[in-house]
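What follows is a set of notes on a single structure, which appears directly below.
Chain A is the first sequence line, chain B the second, and so forth, proteins listed ahead of strands; every chain is numbered from 1.
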There are 2 protein chains.
Amino acid sequence: MPRDRATLIPALTNIATRLRIDSLTSTSEAASGHPTSCCSMADVMAALFFAEMRFDPANPQNPVSDRFVLSKGHAAPILYAAWAEAGAFDRAALLQLRQIGSDLEGHPTPRLPFVDVATGSLGQGICAAVGTALNARRIGSDYRTYVLLGDGESAEGSVWEAADVAALDKLDNLCGVTDVNALGQSRATMWGHDMEQFARRWRAFGWNAIVIDGHDMTAILDALDAARATRGQPTMILAKTIKGKGVSFVEGKDGWHGKAFKKGEELDRALAELEKQFVPEPGGAVNLAREIPKPSTAAKPVPAPKPMASPAYTLGQEVATREAYGAAIAKLGEADARVVALDADVKNSTFSDKFEKVVPDRFYQNFIAEQVMVGAAMGLAARGAIPFPSTFACFLTRAADFIRMAAISNVNIKLAGSHAGISIGEDGPSQMALEDLAMCRAEPNFTVLYPSDAVSAERLVAAAASHAGPAYIRTSRPKTPVIYSNDEAFPIGGLKVVRSSADDVATVVGAGITVFEALKAYDRLKGEGTSVRVIDLYSVAPVDREGLIAAGRATGGRVITVEDHYAAGGIGDAVAEAVAGAGITVHRLAVREIPRSGKPEELLDRFGISANHIAETVKQLVQARSTKSEFRPLGADF
Amino acid sequence: MPRDRATLIPALTNIATRLRIDSLTSTSEAASGHPTSCCSMADVMAALFFAEMRFDPANPQNPVSDRFVLSKGHAAPILYAAWAEAGAFDRAALLQLRQIGSDLEGHPTPRLPFVDVATGSLGQGICAAVGTALNARRIGSDYRTYVLLGDGESAEGSVWEAADVAALDKLDNLCGVTDVNALGQSRATMWGHDMEQFARRWRAFGWNAIVIDGHDMTAILDALDAARATRGQPTMILAKTIKGKGVSFVEGKDGWHGKAFKKGEELDRALAELEKQFVPEPGGAVNLAREIPKPSTAAKPVPAPKPMASPAYTLGQEVATREAYGAAIAKLGEADARVVALDADVKNSTFSDKFEKVVPDRFYQNFIAEQVMVGAAMGLAARGAIPFPSTFACFLTRAADFIRMAAISNVNIKLAGSHAGISIGEDGPSQMALEDLAMCRAEPNFTVLYPSDAVSAERLVAAAASHAGPAYIRTSRPKTPVIYSNDEAFPIGGLKVVRSSADDVATVVGAGITVFEALKAYDRLKGEGTSVRVIDLYSVAPVDREGLIAAGRATGGRVITVEDHYAAGGIGDAVAEAVAGAGITVHRLAVREIPRSGKPEELLDRFGISANHIAETVKQLVQARSTKSEFRPLGADF
């Protein structure tokens, strides 16, 4: 039964004191961390975990449990202390904080079962919380999502992207708490304790904003009650707090951010003060950890995925891979209720509008806000959805820090970027993705796929969906002919040899649009009596090392990569590392300067990745072979 | 003399009509572009360019001219039309829009003298405008900055980062106009024509917000007057407009975004309508282009840069490169009034607070908002400042799309990222930059510098400042010993051979923290009778190709790269491309999985980049040499 306030408040007050003590002792043992950032939010944490949230400490991943996201990830020690207090693990483990052998890291990561997404890059947790709140609708559960932010964090634009989307989607199952302790890392925050600055912003963005004293347990409980009772809009509780609350000699003092108390006199003095703050509990101490309410309702059953029909394209049919992508996620969405799509107001260019037409209830519009689109996808993925956030590939760089954190979280998101490279043409460089492969390849656990035709696009969408872990699919703007039969398989980590003979003098590795430039070069060279091997490297990460080495060795150790991407971090680098040590020389054709507006074919030629450049490079290689002069690829001097 | 409204308004109305006509004809000639997005803002553009701004059409780069930033870059055709109308170039050139031979690109780039920064990635122009407004203070000029945004663009979080900073800095020399035409690319915007949604947000963020009918010339002029008279806060004029205004059959219609009118009947019909909208001018037509007011005041003279004193460190002194960076920009700031520094509330970690202490008036605090920090730096650089925006290297990825646009703009920004790599230790992966080299190396015009000690850090800061173009400086958290004498030179594009002998069996290429792991490995191997060459690759881009090839060839073609960065896109790739075709095999040691919290030295060893791994790799290479077995570098299978 729910406790009456007279019993509850002293019990919560004592839990808050224990959480403060644990935050100090664990960080002092680690000799680093952010104890004062924990102390300001201890009362809120006690109320959330032991009087508000419905969850199962023994099974944090219960799909209908309330979610808690610590957006201010540097306060990890109090998150760990709260879960220990709840009985999820032995409190003694807290003293392994930040040690290499412990999963209690400096900032939370999903190595811990009670962490949905890694936090520690500010302004991201609230975006993920939008995703977990959307997921409750997807599975028909009434679980609620709580997210705790820092005040300094509110300067991040991504917080306001999340604010807009949560209000537009009327996410009344989402409750934020901002710990307004007025002190940032290096100085006072922009608004200090001027609570009205926060309140007017959240209200302007359509949220129910409640200003409270974050150390008044009654006020905290009342605010959480009010948030739960609010319909049609999310709530932000703005808690006025004191950094270092409970330890008089650091309370509200600058210069204590990210500093652990020194073991010995300094820590002992702080702990002695905190010990004094335990209050008597009328009727004896109660163990609120034993009374945490279980999740109240089951989710609606999510139908089992149905098999997805094979592609139905005809050889030679002209289809842009971006359009095939849209058709593929629509098919996938009909077959698998876990699949969701997210847009940033370009659905008619990425063709994700095909998905919206068939499953509108699992299509989430974020308007022009790529950070919350990717962040919400991370939250959805953490709760079992298979999200496809898509926009122009160049605008995914807007969410690069989210992509970095998605890799750390190892969440199951499937990013899709269209309009890759200079082949988009007239719109010019601001719309051309030329560093997206570098961005996604850099992450060690990212799968990077790059279809060249409609069949491979559809197969790779299905492969990405069934692969566990983060993936990126790169598509192109121009229409390209279908070159694969509908039953062709495209396993992740493979490649396709699309032209091959015993007389091949070199291997040309293309992907996406450049596969067709390579085929044009093949035809021209063939007419001149020279044959080359042509590879479609549809899987850029992981890459088929054996396949590349075999092709390279079969063609005199001469490999030419050609990519609609800048020279660094893309396909040339992927192939070069793969064949390292195998006696193969990789000659790279890539975009080596800032491009400009023009017709696609003009740009491919001007910036060195057209059939002309491929054929010319092959001829130079053949000549070099005979003259034995050292070969320098076109434009590779830099 | 300023015109009376009775003369002005019909003249401006006719200019607006001409701008609409030019926007249609140029996009129809190009067969692509965004004419309807131009039509909605034509009246505002006419008022801004021909009744408000003080500038010199013949010299758009005049340092004290008012600035205009088109944040909604896709409306480029009307920007070009306005400058043609002003006499900056011949109107006939508008018909070359989007052609490869013309600088009138699909979205504006600084190839054009009247464009400060490239736009086309929404939400960036207003950040740059904050920078140009700050620059007016730097040079003591009363020039004003005007920035025109789209309504859909307001969903980008970076817009609200800029809003906060502009209000906190009381930038009353900054005036925004939001073209609220209610239609995005793929659908209605989030708030349509609900002007209150916009007004309450801008007011909440501390701006003077004025709602007007964006097609009422009197209202536009009144709002611009009110903005100019406003003190202590920036103004946002919220102009309610109709997309496609002036062409009845597209006005307010969805599905016309980014569509040019078809030449022939469709275009003719639209032009015929517009022609009818010319109004009589009482007293005869006036040529407002001839009456554009000149910039009113000269800037205060910026003192000539003084030479910067040499570094004053002692060999063996333990100094973190991040701290040497802070000391260096402080020295530079005192010597050169063009130098400014920008922070995102980590000045005490990046040590940019050393700069703040000596030149507080050129230190700009952005709080925790990396996008506006970098965007404002772009605006400052475009106006002659040399900005050093710095934060943790991992959080620069938050501004990756701004960095992409900085490359397109080729602006003179000097990004600095501290706390690179796993060597930060206990804070964990969210705080570790392991993809920052990939991000910056990908941009073809970026200089990437990576000091290993305090002397090289100071020299490279000076080198970056005197180099024209974008640069990135990567620094480390741990203290490292000074290994270079104070008079050592560090030219961009060079490297340092720090250990060398005639007997070297391999070359170890390190940078930053790994230089010291390489030196430890050197000592250990030396003790075992094996000598290796050790290179400090302080210039990661451009890289010293000849130096690397010479070292590789002198050491049996065996090169080992070791970097505190993920394997893709960093130093291994840079070296591999540089030595391609020279008969050298590059073995890469890099971080190949998501790291975790731990002590720096524990992490360096666990993730494969410690002295142990270097020494072990050298031994395997030497063995491979004798046994001729094919060598596979540690952990390179993936």
Side-chain angles (χ1 to χ4, degrees), chain A residues 32 98 100 105-107 118 120-122 152-153 155-158 160-161 164 168 184-186 190 200-201 204 345-348 367-369 371 397-398 400-401 404 408 426-431 435 438 441-442 444 566 568-569 573 576 580-581 585-586 592-594 596-598 602 631 638, chain B residues 32 98 100 105-107 118 120-122 152-153 155-158 160-161 164 168 184-186 190 200-201 204 345-348 367-369 371 397-398 400-401 404 408 426-431 435 438 441-442 444 542 566 568-569 573 576 580-581 585-586 592-594 596-598 602 631:
Chain A
S32 66
R98 295 176 158 240
I100 194 164
E105 299 194 72
H107 294 73
S121 180
L122 294 171
E153 182 174 6
E156 287 285 10
S158 56
W160 303 104
E161 293 184 12
D164 270 337
L168 285 160
Q185 172 182 316
S186 71
M190 53 283 195
R200 72 179 194 221
R201 281 170 174 76
D345 189 24
V346 289
K347 62 185 181 186
N348 55 338
F367 297 94
I368 308 172
Q371 294 185 94
T397 61
R398 199 59 160 267
D401 193 32
R404 182 178 72 87
I408 292 168
E426 292 81 353
D427 275 343
S430 67
Q431 317 296 298
E435 50 284 280
R441 272 189 69 241
Y566 286 137
D573 284 347
T585 304
V586 179
R592 293 183 181 274
E593 62 183 294
I594 303 295
R596 59 190 300 132
S597 292
E602 291 174 332
F631 175 77
F638 64 106
Chain B
S32 66
R98 295 176 158 241
I100 194 165
E105 300 195 71
H107 294 74
S121 181
L122 295 170
E153 183 174 5
E156 287 285 9
S158 56
W160 303 104
E161 293 184 12
D164 270 338
L168 285 160
Q185 173 182 315
S186 71
M190 54 281 194
R200 72 182 194 219
R201 281 170 173 76
D345 189 24
V346 288
K347 62 186 181 186
N348 55 337
F367 297 95
I368 308 172
Q371 293 184 94
T397 62
R398 200 59 160 266
D401 192 32
R404 183 179 72 88
I408 291 169
E426 292 81 354
D427 275 342
S430 67
Q431 317 297 298
E435 49 284 279
R441 272 190 68 240
Y566 285 136
D573 283 347
T585 303
V586 179
R592 293 185 181 276
E593 61 183 295
I594 303 295
R596 59 190 301 133
S597 292
E602 291 174 330
F631 175 76

How long is the gap from [atom1] on [X] to [atom2] on [Y], to the nearest 0.5 Å?
| X | Y | atom1 | atom2 | result |
| --- | --- | --- | --- | --- |
| I408(A) | R596(B) | CD1 | CZ | 13.0 Å |
| W160(A) | S158(B) | CH2 | OG | 15.0 Å |
| S430(B) | E105(A) | OG | CD | 8.5 Å |
| R404(A) | I594(B) | CZ | CD1 | 10.0 Å |

Which of the residues [options] is involved in the greatest number of heavy-atom pairs with chain A at under 4.5 angstrom?
| options | answer |
| --- | --- |
| A400(B), G106(B), P444(B) | P444(B) |
| G569(B), G152(B), A118(B) | G152(B) |
| G598(B), A369(B), S186(B) | S186(B) |
| I368(B), L122(B), D164(B) | I368(B) |
| Q431(B), Q185(B), E426(B) | Q185(B) |

For this session: Kindly give the heavy-atom pair with the smallest separation between A155(A) and E161(B), and that separation in Å.
Result: O-CG, 3.4 Å
Problem set entry | Distance-minimising heavy-atom pair for A580(B) and V586(A) | CB-O, 4.1 Å
For this session: Keeping the roles fixed (side chain from R200(B), backbone from A204(A)), state whether a donor-acceptor pair exists under 3.5 Å.
Result: yes
Exercise. Short question: side chain of H107(B), backbone of P429(A) - any donor-acceptor pair under 3.5 Å?
Worked result: no
Measuring heavy-atom distances to chain B, does [X] have an atom under 4.5 Å in its side chain, in its backbone, in both, or in neither?
| X | answer |
| --- | --- |
| L168(A) | side chain |
| S32(A) | side chain |
| E593(A) | backbone |

Problem set entry | Closest-packed option against chain B by number of heavy-atom pairs under 4.5 Å, given E435(A), R201(A), E602(A) | R201(A)
